[in-house]
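Please read all numbers here as calculations on a predicted model, not as lab measurements. Position 1 is the first residue of the sequence; numbering continues from there. As a basis for the values below, the full set of heavy atoms in this structure was taken, side chains included, without hydrogen atoms, waters or symmetry mates.
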Amino acid sequence: MPWLKFLHIVALLSWCGALLYLPALLCQLASPERVAQGVSPGAPPLPRLLYNGLASPAALVAIASGTLLFLLHGLAGPWLVLKLLAVSVMVLAHGLCGWLLLRLEQERPRGVVAGSLLAGSVAGLAMLAVVGLVLAKPAL
């Protein structure tokens, strides 16, 4: 099953990259300078494409392949519960990014910068937790 582990790692890296880049992009698009200049009368298509075309499919593939790896290898333990909790936090950050994107598309940029900073920070901490827990798990 090395191909499944490879698929899981590639999907996870893609999802994590999108979860770090998307809040930065949203923060930049909702900056007070751009809003005051009228440069951003709604979100351009890039954030939507990134969210729908990369982040969401990568998240689904990462979660599905991780679940298959768990079921096929029969891994269990406290580290797995903590890892799933960290992944759940990443899912919440993903959802927050989607909500912030909707706010930008509806031309309601208030709070998008603060929300983007929160989403990026929470996602980054959850990613560090996942990496730490994976490295600390018992060897197969």
Mind checking whether [X] and [Y] have side chains closer than 4.5 Å, heavy atoms only?
X	Y	value
Leu29	Pro47	yes
Val91	Ile63	yes
Trp99	Leu96	yes
Arg108	Leu102	no
Gln106	Leu101	no
Leu100	Leu104	no
His94	Ser56	yes

Same cluster or not: [X] versus [Y], using hydrophobic residues (I, L, V, M, F, W, Y) connected whenever any side-chain heavy atoms lie under 4.5 Å apart?
X	Y	answer
Tyr51	Trp15	no
Leu7	Met90	no
Trp79	Leu71	yes
Leu72	Leu69	yes
Phe70	Leu60	no

Contact summary for [X] and [Y], nearest pair of heavy atoms:
X	Y	value
Ala18	Pro23	O-CD, 4.1 Å
Gly124	Leu20	CA-CD2, 4.2 Å
Val61	Ala11	CG1-CB, 3.6 Å
Leu26	Cys97	CD1-O, 3.7 Å
Ala126	Ala86	CB-O, 3.5 Å

Looking at [atom1] of [X] and [atom2] of [Y], how far apart are the two atoms once the value is rounded to the nearest 0.5 Å?
X	Y	atom1	atom2	result
Tyr21	Gln28	OH	CD	8.0 Å
Cys27	Leu118	SG	CG	11.5 Å
Leu12	Cys16	CG	SG	4.0 Å
Leu4	Ser65	CG	OG	5.5 Å

Do the side chain of Arg103 and the main chain of Gly111 share a donor and acceptor less than 3.5 angstrom apart?
no
Do side-chain atoms of Ser88 reach the backbone of Leu84 as a donor and acceptor pair under 3.5 angstrom?
yes
Under the criterion side-chain contact (heavy atoms from CB on, under 4.5 Å), which of Leu46, Leu50, Leu54 is the partner of Leu22?
Leu50
